[in-house]
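Before we start, here is the structure in question, set down as C-alpha cells.
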Amino acid sequence: MTSKRNTGQRVRLRYSGLVVFLSKVATAFTGLYFMWLLARNLTQSSFGGVYFINGTLAFFIFFAGVIPYWSTRDVATGRGGAYVSLTFNLVMSVPFLLMYFILASYFAGQGHISDLALLAASPIIILTFALSSMTSTINALSPQSLAGMELFGDIIKIMAAIFLVLSFRLGLVGAEISISAAYLASVAYAYVKLRKIVHEKTMWDFQRVKKWLSLSWLVALSAVISYFYGGLDKYFLGTISETELGTYAIALLLARQLNPVSSLSTALYPHILRAGGEDKKASRDVLALILIFSVPMVFGLIFFSSPLLSIFSKHYALVSRWPLLLLAVAYFISSSFFSFFDSLIYGSEKVELTSRQLFQSKFFQGLLMQAIVLAVMAPVMWVLAVRSGALGMAFAILIGSIMMLTGRILIAGKRSRGIFPLDSFLRSVLSSIIMSFILLLLPRSHSYIIILDVFVAGVVYFALMYLIDKRVKAYSRYFLQSLRAVSEPDSHE
C-alpha cells in the first residue's frame, strides 16, 4: 500500500523550495549561536575537536543514504517502500556503530581528544541512518513538511549546551551530547511527519530490498568517496594541529551560512522524476532563485567578515580574517550548486535500471568524476595542510569543489544548456553592490548592530530586486498566494 500523497500530485516546486530555504535561514542563526556558545566556552583545540569528530563520523555514516537514494525514487513515482527503507537502515546502522566503538581509541589518539568525547557522539550514527531514510521519503512527497525540523533540533541543542557546557563545564563531551540530543529531536520530528504523510503498513519486503541492494553498489561507492572526501580536511588538520583546525572551523562556520541556498532545489529532483526526466523551465526558475539569494549573501559575508569573526573572539578575528574566510566563501558558493546539478543529472535517468545499465548511466559517470577528484585532491590536501595549515586546506577544498562542479556541468550536458538566468544574475549583482554602498554608511561595531545591519541589507536588496526583476515580483506574489492557500490539498504550481 502506497502513500496517499505519492501518486498524482506534483511537488510544489517554488513553494517547497522557498519554505525550506526560509527555515534554513532561521536555523543558520540558531546554528551560529550554538557554535558561538562553543567557541566562547571551549578552548580552541576543543572547538577544533568538535569538527574532528564530525570528520571522523563521516567514515561511519557514508552508507546511510545509499538505500534511501533508491527508495526515494520509488516513493516519488508511487511505488512506496518508505518503512522498508527505514527498517533496513536501522539494521544497517548496527555494524557501523560497532566498528566505531572498536576504532574510537585510535581516532581519539589521532585527534588528541578523549575517548569519552568520541563515545558521546556515537548515537549520531544510528540517528543519521534513521534520519536519512525518513527525510528522503518526506522530501519526495512534501519537502516543506521538514521546514521546522532543524530549528527544533537546534533549540534542543542550544538548551543542552547551556546546561552541559556552560553550567556543568563538561567541555567537548558536553558539546557532543548536545549535538546527539539535536539529532534525536530531529528524528522524533521527522517520524511524526512521516506518520502523517505516509500510510504504508509494510515494514519489510525482501524482494524490494534485494532489488535496491543489487543497484546500490554504485551509490555506495559514490557515498564512500563523497563522505571520505568530506571528512579528510578535518581529519588531516586535526592530526596536524588542533588550533589550526579550530581556526579553519570558524571560517567554515561563517561561510556555511550560504548552505541554505542549496535547499532551494530540494523539490527539483522529485519534480523532474515525475516530469519524465527534464523540465527546463522549472530548472531555470530554481537556478534563478539560487542566484537571487546567493549573490547578496556572498557580498554580505565578505562585507561583514571582520566583525563576524570578532563575535567569536579577538583571536579568531586576528588569525582568520580575509584570506581564509574568502576561500571558504568561494568553496560554499561552488558547492551550493551541487544539489541543483545532481537533480538535473539523476532525475533524468530511468526509474528502473538493471545492473548492466548502471555502467552506461550518468550514475557511473558521476562516480568516476568523484573518484578522479578524490585521487587528485587527497595528496594535495595533505601537502597544502602541512605547508600552510588552515589557509592551505581552504584553498585545497576550493579547488576540489570547482572540479566537482565542472564535472557535474559536463555530465548534465544539454540539460544544463540555456537555463542560466543571466538577467536575474546581473540584477542581483547590481542590487548587491548598491546594498554594499548603503552598508558602508552604517555602524558595525557591536554584534547586535551587525544583526540590525543584516536586516537593513536584506530589506534594501529585496526592495531593489522587487523593483527591477520580474521574477522576484512573480515569486513574491506566488509565495504569498501559496501561504494563503497552504491548507488547500489540491494546490498546484
Mind telling me whether W382 and F236 have parallel, tilted or perpendicular rings, with 30° and 60° as the class edges? perpendicular
Is the Lys NZ or Arg CZ of K157 less than 6.0 Å from the centre of F34's six-membered ring, within 45° of the axis? yes
Applying side chain to side chain contact (heavy atoms under 4.5 Å, CB included) to I409 and F337, what does each step give before you reach the verdict? CA-CA 10 Å; I409 294 171; F337 291 95; over 6 Å; no
More than 12 heavy atoms of other residues, nucleotides or ligands under 6.0 Å from CZ of F163: yes or no? no
So, for F96 and F60, is the gap between ring centers shorter than 6.0 Å? no
Say whether, by atom type as modelled, one donor and one acceptor occur between the side chain of K362 and the main chain of I411 under 3.5 angstrom. yes
Ignoring hydrogens and angles, tell me if any N or O in the side chain of S132 forms a donor-acceptor pair with the backbone of A64 under 3.5 Å. yes
With distance as the sole criterion, is a donor-acceptor pair present between the side chains of D469 and S424 under 3.5 Å? yes
Any donor-acceptor pair under 3.5 Å from S122 side chain to L119 backbone: yes
Keeping the roles fixed (side chain from S241, backbone from E244), state whether a donor-acceptor pair exists under 3.5 Å. yes
M435 versus P296, closest heavy-atom pair with distance: CE-O, 3.8 Å
Evaluate whether atom CZ of F63 has more than 12 neighbouring non-hydrogen atoms of other residues, nucleotides or ligands under 6.0 angstrom away. yes
Closest non-hydrogen atoms of L439 and D453, given as atom of the first, atom of the second and distance, are CD2-O, 3.6 Å
Quiz question: by atom type and distance under 3.5 Å, do the side chains of S85 and S133 form a donor-acceptor pair? yes
NZ or CZ of R408 within 45° of F338 ring axis and under 6.0 Å: yes
Whether the side chain of S142 engages the backbone of I138 through a donor-acceptor N/O pair (distance < 3.5 Å, no angle test) should be reported. no
Is there a donor-acceptor pair under 3.5 Å between the side chain of S388 and the backbone N or O of L391? no
How far apart are the closest heavy atoms of I113 and I53, and which atoms are they? CD1-CG1, 3.6 Å
Could you tell me whether the side chain of S93 and the main chain of L90 form a donor-acceptor pair under 3.5 Å? yes
CZ (F29) with more than 12 external heavy atoms under 6.0 Å: no
Are N89 and P68 packed together at the side-chain level, in the sense that at least one heavy-atom pair is separated by less than 4.5 angstrom? yes
Ignoring hydrogens and angles, tell me if any N or O in the side chain of Y461 forms a donor-acceptor pair with the backbone of I292 under 3.5 Å. yes
Taking atom CG of L116 and atom CG of L172, what is their separation to the nearest 0.5 Å? 9.0 Å
Show your reasoning for whether side chain to side chain contact (heavy atoms under 4.5 Å, CB included) applies to L374 and Q370. CA-CA 6 Å; L374 176 63; Q370 289 179 315; over 6 Å; no
Between N139 and T72, does a side chain to side chain contact (heavy atoms under 4.5 Å, CB included) hold up when you go through it step by step? CA-CA 8 Å; N139 278 328; T72 298; over 6 Å; no
Would you check if there is a donor-acceptor pair between the side chains of Y248 and D233 at a distance under 3.5 Å? yes
Quick one: does L410's side chain get under 4.5 Å of Q365's, heavy atoms only? no
Exercise: do Y100 and T56 side chains pair donor with acceptor under 3.5 Å: no
Candidate pair L57 and T128, rule side chain to side chain contact (heavy atoms under 4.5 Å, CB included), full reasoning: CA-CA 10 Å; L57 286 170; T128 298; over 6 Å; no
Could you tell me whether a side-chain N or O of N41 sits under 3.5 Å from a main-chain N or O of L166, the two making a donor and an acceptor? no
F332 and A255 have their tightest heavy-atom pair at CD1-CB, 3.5 Å
Looking only at non-hydrogen atoms, find the nearest pair between E176 and A121 and report the distance. OE1-CB, 3.4 Å
Can a donor-acceptor pair be found, under 3.5 Å and without considering hydrogens, that links the side chain of S431 to the backbone of R427? yes
If you look at every heavy atom in L325 and A251, which pair is closest and at what distance? CD1-O, 3.5 Å
Under a plain distance cut-off of 3.5 Å, with no hydrogens placed, do D154 and T30 share a side-chain donor-acceptor pair? yes
